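Everything below concerns the one structure shown next.
Since the structure is predicted, the reported quantities are computational estimates derived from the model, not experimental observations.
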Amino acid sequence: MEVGGSLRYFGGRWKFLARLRAGLGRLGFEARIAEAPAARAALWLARGNGGTLEALPVAVTGLAPAALELLSNLGIKTIGGLMRLPREGVALRFGQGLLEELCQARGEAPGPREFFVPPARFSARLELPAPVMQAESALFAARRLLLQMEGFLAARHAGVRGFSLELVHDGLPATVVKMGLATPGRGAEHFTRLLRERLGALVLRSPIEAIRIEAGDLENIPEQNRNLFDDRRGRTEEWLRLVERLQARLGGETVHGLETHPDHRPERAFRPIAFEIKNSNSSEKKKDLQCENMGPFSPRPLWLLEAPRRLREGEFTLLAGPERIESGWWDGMEVRRDYFIARTGESSLAWIYRERGAQPREDWFLHGWFA
């Protein structure tokens with residue numbers, strides 16, 4: 001890696017190297033790290049486990065065994081001894097490629113640079129050292145893959161709205177755990193907390209032999225400026241993180257938002273939506289839509305019962321109404337009701353109705369609560 005332009009950003013040479021070693025350790029990798037003014041020299045120093053370039057054994061060059069044996073017979077055991085040989089003789093006996101590599105190591109010739117291009121999707125698999133029967137026991141290994149995914153996403157300045165964790169069994173289909181997010185993210189610590197909520201309630205059919213994490217559909221995450229006094233966006237993101245943890249524990253179908261829907265039938269006047277941060281234009285459009293839908297209607301209760309409950313005479317006192325709703329004849333879910341605002345025996349404001357038809361029914365039903 002060419003790191004000269006990044007040392008000041010990371011606090012200097014030693015802090016950068018310490019951070020690099022710590023990050024590799026968290027990913028489960030062991031590495032020999034060396035530094036030099038030239039890329040070829042740094043590579044050879046890493047292979048030789050440090051020291052000076054001239055004192056390195058010639059084996060760090062990666063020459064074939066026959067070439068290394070020939071150098072040994074000539075008494076050449078170090079890079080310094082190889083550099084002191086006549087250039088024409090080195091090129092004749094070992095090829096022009098070795099001579100070019102020696103020039104690159106000394107900084108006399110530019111080394112080839114191949115830029116790293118990460119793949120479009122993240123996919124990583126990790127074999128467990130021993131089978132585990134509890135899903136939570138795989139969380140430590142999963143965190144290693146989540147750290148890899150965080151680096152993968154950071155390199156692309158991107159995030160994901162979800163990822164999948166596959167728990168691989170021996171002889172059985174893998175157990176797939178799908179994680180959804182309210183807003184694009186890439187933080188390994190946050191992903192680990194979400195997985196802990198989900199895996200804690202998971203019952204396995206067979207021991208876990210390996211795990212795999214996959215993520216696609218990357219979304220750009222632009223860097224945000226910090227506000228000195230009022231970070232409203234930060235508070236919004238904290239709230240969305242809470243939503244994501246509740247979804248991980250209770251399920252995405254249980255924790256969701258609501259939006260109004262243009263239908264006069266109360267039970268069909270709203271529908272579930274996913275939580276997400278909307279831009280200013282979409283928020284203004286949503287506000288106009290809500291005003292347009294709610295404007296002509298009478299007051300509506302905030303709490304609508306999942307199923308209307310039958311009321312007996314004497315359990316309520318009518319305060320306002322009726323509001324007549326007749327709709328739904330086109331989809332087979334027709335309603336014909338007269339709605340009233342009433343006060344119940346507990347001094348609560350309720351929304352009640354009775355059916356209309358060819359023969360009006362006298363049965364009353366509680367449909368919602370105002371307070």
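Screening residues 121-144 for ring pair (Phe, Tyr, Trp, His ring centres under 6.0 Å) gives Phe122-Phe152 as the qualifying pairs, with residues at least two apart or on separate chains. Legend: salt bridge (charged side-chain N to carboxylate O under 4.0 Å, His left out) pairs involving residues 75-97, not counting sequence neighbours: none detected.
Closest heavy-atom contact between His169 and Pro207: ND1-O, 3.0 Å. Considering all non-hydrogen atoms of both residues, Ala158 and Leu218 come closest at CB-CB, 4.1 Å. The two residues Leu24 and Ala31 have their closest heavy-atom pair at CD1-CB, 3.7 Å. Of all non-hydrogen atoms in Val160 and Gly216, the two that sit nearest each other are CG1-O, 3.8 Å. Contact detail for Arg156 and Pro119: the closest heavy-atom pair is NH1-O, 3.2 Å. Residue Gly162 comes nearest to Ala215 through the heavy atom pair O-CB, 4.1 Å, listed as atom of the first residue, atom of the second, then distance.
Neither Leu302 nor Leu349 shares a network with the other; the hydrophobic side chains, linked directly or stepwise wherever heavy atoms of I, L, V, M, F, W or Y lie under 4.5 Å apart, form separate groups for each. Residue Val132 is not grouped with residue Leu172 when hydrophobic side chains (ILVMFWY) are merged at heavy-atom distances under 4.5 angstrom, including chains of intermediate members.
Here CG of Leu202 is found 11.0 Å from CD of Gln134. Values are rounded to the nearest 0.5 Å. With values rounded to the nearest 0.5 angstrom, Glu101 atom CD is found 13.0 Å from Phe94 atom CZ. Note that the CG atom of Leu71 and the CG atom of Leu63 stand 6.5 Å from one another [nearest 0.5 Å]. Put simply, CG on Leu195 and CG on Leu146 are 5.5 Å apart, with the number rounded to the nearest 0.5 Å. Between the OG1 atom of Thr317 and the CZ atom of Arg343 there is a distance of 8.5 Å, given to the nearest 0.5 Å. Atom CD of Glu259 sits about 9.0 Å away from atom NE2 of His261, to the nearest 0.5 Å.
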* Please assess Leu181 against Phe191 for the test side-chain contact (heavy atoms from CB on, under 4.5 Å), listing each intermediate value before the final yes or no. => CA-CA 9 Å; Leu181 304 173; Phe191 290 171; 3.4 Å; yes
* Evaluate the criterion side-chain contact (heavy atoms from CB on, under 4.5 Å) for residue pair Leu204 and Met133; output intermediate values, then yes/no. => CA-CA 7 Å; Leu204 297 176; Met133 193 58 204; 4.2 Å; yes
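A salt bridge links Glu267 to Arg337: one of the charged nitrogens lies within less than 4.0 Å of a carboxylate oxygen. For Glu219 and Arg161, the salt-bridge test passes: some basic side-chain N is under 4.0 Å from an acidic carboxylate O. A salt bridge links Glu323 with Arg300: the distance from a Lys NZ or Arg NE/NH1/NH2 to an Asp or Glu carboxylate oxygen falls below 4.0 Å. Salt-bridge annotation for Arg143 and Glu189: present, with a side-chain N of the basic residue lying under 4.0 Å from a carboxylate O of the acidic one.
The neighbour count for Asp170 CG, taken as heavy atoms of other residues, nucleotides or ligands under 6.0 Å away, does not exceed 12.
Annotation: ring-ring contact (aromatic ring centres under 6.0 Å, His included) contacts of Tyr353 (sequence neighbours excluded): Tyr339, Phe365, His367. For Leu92, the side chain to side chain contact (heavy atoms under 4.5 Å, CB included) test picks out no residue, with sequence neighbours left out. With sequence neighbours excluded, the residues satisfying salt bridge (charged side-chain N to carboxylate O under 4.0 Å, His left out) with Asp331 are Arg265.
For the side chain to side chain contact (heavy atoms under 4.5 Å, CB included) test with Arg125, the passing option among Ile213, Leu145, Val168, Ile211 is Val168; the others fail.
Grouping Ile, Leu, Val, Met, Phe, Trp and Tyr residues whose side-chain heavy atoms lie under 4.5 Å apart, directly or via other members, places Phe340 in a hydrophobic cluster with Trp303, Leu305, Leu311, Phe316, Leu318, Ile352, Trp364, Leu366, Trp369.
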